[in-house]
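These notes concern the structure reproduced below.
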Amino acid sequence: PGAPPFELSLAEALEVSPDLRSWRFRLRAGAVFTNGEPVLPDDVRFSLERCRGADEIESVEAEDGSVVLRIAPGLLAEPERLRALPVRLA
């Protein structure tokens, strides 16, 4: 798979499933909000839930220090939209 086509900042790693539908972002240890509070997977999940497009993302889950996005099947048929997704979620 190689490096993602974008720069990770809040996440320290990204794992993509073989079918390209599940993206697991492992959050960087020590990430904090501007007020000094730690950034937790549930915080990221909440933010992504607020901005997700119903036709782009099926689900967002927070688990084990990671956030898992499940991409909608229709998005895989549109490579340009799929490539732009991380930018829109940033």
Who are the side-chain hydrogen bond (donor to acceptor under 3.5 Å, both in side chains) partners of Glu61, not counting sequence neighbours? none

Any side-chain heavy atom of Leu69 sitting closer than 4.5 Å to one from Ser22? no

Less than 4.5 Å apart, side chain to side chain, heavy atoms only: is that true for Ile57 and Leu48? no

Looking at every non-hydrogen atom in both residues, tell me the closest pair between [X] and [Y] and how far apart they are.
X     : Y     : answer
Val67 : Pro41 : CG2-O, 3.7 Å
Val68 : Glu63 : CG2-OE2, 3.8 Å
Leu14 : Trp23 : CD1-CB, 4.0 Å

How many angstroms lie between [atom1] in [X] and [atom2] in [Y], if you round to the nearest 0.5 Å?
X     : Y     : atom1 : atom2 : value
Glu15 : Phe25 : CD    : CZ    : 11.0 Å
Ile71 : Leu20 : CD1   : CG    : 9.5 Å
Ser66 : Arg24 : OG    : CZ    : 5.0 Å

In short, salt bridge (charged side-chain N to carboxylate O under 4.0 Å, His left out) pairs touching residues 27-44 with sequence neighbours left out are Asp42-Arg45

Residues passing the salt bridge (Lys or Arg N to Asp or Glu O under 4.0 Å) test with Asp19, sequence neighbours excluded, are Arg70

Can you get from Val44 to Phe33 by hopping between Ile, Leu, Val, Met, Phe, Trp and Tyr side chains that sit under 4.5 Å apart? yes

